[in-house]
Amino acid sequence: MEHLFARWLPQWRLAVVGGDAPPSYEEEWTAAAAPSLAEVSDYGAFPLTFAGLDGRRHPVAVERYDIEDPDATSDGPLHASWGLPDDGAEEAFTFLVEALESGPGGLDRRGRALAGYLAGYLAADGTDLLRITAAAEPGGPALDDELHMMVRSDTKTTRLALALAPDAADRALAPDASEPAPGPVAPDSSDVSDVSEHRIACTTTLLSEFLRINNTDAVTFEVTFGTYDIDLNVADPDAAFRAGWAGDEHWLIAEEGDDESAGETGDESAGETGDEIGGETDDESDDVLRSLDSATLRAALIESERNMVAVARSQTLVWEFDSTTPEIPGDELVSWLARDLVETLVTETTGAPGIPPVLAYAKNVPLESVLYGEGDACLLLVGAERTALVHISG
């Protein structure tokens, strides 16, 4: 989660540290009898906090808060991401959002949704919340512009630390502060940068949390990158790629004439252009990708995003009596996650942000039935020298 936080809220430093406090049935904490500073330091794995020579922190004051048992129908992290924290996450949510709102540049809707999820994740199953005042050295002056919290449950202890980055003011004033440049791309290799790899893993993991099929299964996203040596600077790059691509072990690109069958089983508009695909095929076992032109790709991604938002909202009672259509993108973390995943994949395949893929191929895109655990879907994006293939399954 720290990778997304750094990308979306670059003016802040975030650290999530595992600790080791005794469970509440072994050691009771109250407002009048909170653990001592020495115990907090031990339980919270102080002083190592942020990276760098200035990253050590020491507790100098502590205040305890109860964490109430949430409603049985609540899903803390998801509800908090919508700005509706349950009783268990309310204090952590308030502290975190208020701290972020006080920083340079404030807090946009995307950052608020991510912060809400983080607060819900921190407080999930917790029994006690400690708000800790920290200093850079033992007994030193309090760093009042930082936020430090620790939550313990019967099985784990987690500490959160939040501080402005050293160049926070400059980042907030930068025109593209909300969209920092992604990690470097190596166009001559199929390996993505470590930053992008972690970001993709984080994004897809969180997407699966919102797209649960049942108590044990969720929609999953498997991403693989590849390279090719085909000249696409020709009159018909689609034909050149079809003829020269070695293919994937599992997925094949349909013959040009076979693309027309997509229109017979999907969106009627797809049949008018032959190569476009607007829906799902009848043969779910047909692992064949069909061509998408740029307009169809954009429309398919928009519809997929809306479908993911609808599925995420349908799986919780919090929206049971709310028939309004949510703004997209708006307060839905799943929407921002889907966009971040696509932007990362496109950047990794084309070599720079904002450049669209040269070609795209897909099966069962827009995403629909796969979001309910039926069948699977696949999207292949082709850049100048690299490819990204996303397999979505339930």
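Sequential numbering from 1 along the given sequence is applied to the chain's residues. Heavy-atom basis, side chains included; hydrogens, waters and symmetry copies ignored.
- In the model, Tyr372 has no side-chain atom that pairs as donor or acceptor with a side-chain atom of Asn307 under 3.5 Å.
- The side-chain heavy atoms of Ile253 and Leu380, taken from C-beta on, include a pair separated by under 4.5 Å.
- A salt bridge links Arg313 and Glu332; the closest N-O separation between the charged side-chain nitrogens and carboxylate oxygens is under 4.0 Å.
- The 12-atom threshold is not exceeded at CG of Asp20, counting heavy atoms of other residues, nucleotides or ligands nearer than 6.0 Å.
- Taking the side chain as every heavy atom from C-beta outward, Pro357 and Leu297 approach each other to under 4.5 Å.
- Taking hydrophobic clusters as Ile, Leu, Val, Met, Phe, Trp and Tyr residues chained together by side-chain heavy-atom distances below 4.5 Å, Met150 does not share a cluster with Leu160.
- The residue from Thr158, Asp128, Thr157, Asp125 that alone fulfils the side chain to side chain donor-acceptor pair (under 3.5 Å) condition with Arg152 is Asp128.
- In this structure, Leu232 and Gly383 approach most closely via the heavy-atom pair CD1-O, 4.1 Å.
- A distance of 6.0 Å separates CZ of Phe95 from CG of Leu129, quoted to the nearest 0.5 Å.
- In this structure, the separation between CD on Glu91 and CD1 on Ile67 is 9.0 Å, given to the nearest 0.5 Å.
- Note that CG of Asp108 is 7.0 Å distant from CH2 of Trp336, once rounded to the nearest 0.5 Å.
- Note that CZ of Phe210 and CE of Met308 are 11.5 Å apart. Values are rounded to the nearest 0.5 Å.
- Within a 6.0 Å sphere centred on CD of Glu101, other residues, nucleotides and ligands contribute more than 12 heavy atoms.
- By the rule that hydrophobic residues join a cluster once side-chain heavy atoms approach within less than 4.5 Å of another member, Leu211 and Ile213 end up as members of one cluster.
- When all heavy atoms of Ala119 and Ala89 are compared, the closest pair comes out as O-CB, 4.3 Å.
- Without hydrogens or angle criteria, Asn364 side chain to Asp376 main chain gives a donor-acceptor distance under 3.5 Å.
- Between the side chain of Ser335 and the backbone N or O of Asp331 there is no donor-acceptor pair closer than 3.5 Å.
- Looking at heavy atoms from C-beta onward, Val97 lies in side-chain contact with Leu107 at the 4.5 angstrom threshold.
- In this structure a side-chain-to-backbone donor-acceptor pair under 3.5 Å is present from Ser81 to Leu78.
- Counting non-hydrogen atoms of neighbouring residues, nucleotides and ligands closer than 6.0 angstrom, the CG atom of Asp231 exceeds 12 such neighbours.
- Arg57 places no side-chain N or O within 3.5 Å of a backbone atom of Thr49 that could act as its donor or acceptor partner.
- Put simply, the side chain of Leu147 reaches to within 4.5 Å of the side chain of Arg131, judged on heavy atoms.
- The main-chain N or O of Ala99 is found under 3.5 Å from a side-chain atom of Ser102 such that the two form a donor-acceptor pair.
- The distance from the CG atom of Leu84 to the NE2 atom of His79 is 8.0 Å, given to the nearest 0.5 Å.
- Cluster annotation: Leu252 is not connected to Val365 through the hydrophobic network of ILVMFWY side chains, with a link wherever side-chain heavy atoms come within less than 4.5 Å.
- In this structure, the side chain of Gln11 does not engage the main chain of Gly103 through any donor-acceptor pair within 3.5 Å.
- Each of Leu206, Leu4, Leu345, Ile200 was evaluated against Asp340; a single residue qualifies, Leu4, per the side chain to side chain contact (heavy atoms under 4.5 Å, CB included) test.
- A salt bridge between Arg199 and Glu348 is absent, with no side-chain N of the basic residue lying under 4.0 Å from a carboxylate O of the acidic one.
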_Chi angles and distances behind the salt bridge (Lys or Arg N to Asp or Glu O under 4.0 Å) call for Asp66, Arg64_ = CA-CA 7 Å; Asp66 276 323; Arg64 179 196 173 271; 2.5 Å; yes

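- The side-chain heavy atoms of Leu289 and Lys363, taken from C-beta on, include a pair separated by under 4.5 Å.
- Taking 4.5 Å as the limit, every side-chain heavy atom of Thr204 sits out of range of all side-chain heavy atoms of Val390.
- Residues Phe46 and Ile132 meet the side-chain proximity criterion, which asks for heavy atoms closer than 4.5 Å.
- Residues Phe5 and Leu162 have side chains in contact (heavy-atom distance under 4.5 Å, counting atoms from C-beta outward).
- Side chain to side chain, Tyr43 and Glu27 meet the donor-acceptor criterion of an N or O pair below 3.5 Å.
- The distance from the CD1 atom of Ile302 to the CD1 atom of Ile328 is 10.0 Å, given to the nearest 0.5 Å.
- Between Leu379 and Ala362 the shortest heavy-atom distance is CD1-CB, 4.0 Å.
- A single hydrophobic cluster is seen to contain both Leu337 and Met1, as judged by linkage of ILVMFWY side chains at heavy-atom distances under 4.5 Å, directly or through other members.
- For Thr203 against Leu341, the heavy-atom pair with the smallest separation is CG2-CB, 3.9 Å.
- Atom CG of Asn214 has more than 12 heavy atoms from other residues, nucleotides or ligands within 6.0 Å.
- Under a 3.5 Å cut-off, the side chain of Trp82 and the backbone N or O of Ala113 do not form any donor-acceptor pair.
- Tyr65 and Trp29 are not part of a single hydrophobic cluster, where members link through side-chain heavy atoms under 4.5 Å apart.
- Around CD of Glu28, the count of heavy atoms belonging to other residues, nucleotides or ligands within 6.0 Å does not exceed 12.
- Residues Ala45 and Gly18 share a closest heavy-atom pair of CB-O, 3.7 Å.
- Ring geometry, Tyr361 versus Phe241: the interplanar angle falls under 30°, so the pair is classed parallel (tilted spans 30 to 60°).
- Between the side chain of Ser41 and the backbone N or O of Ala38, no donor-acceptor pair lies under 3.5 Å.
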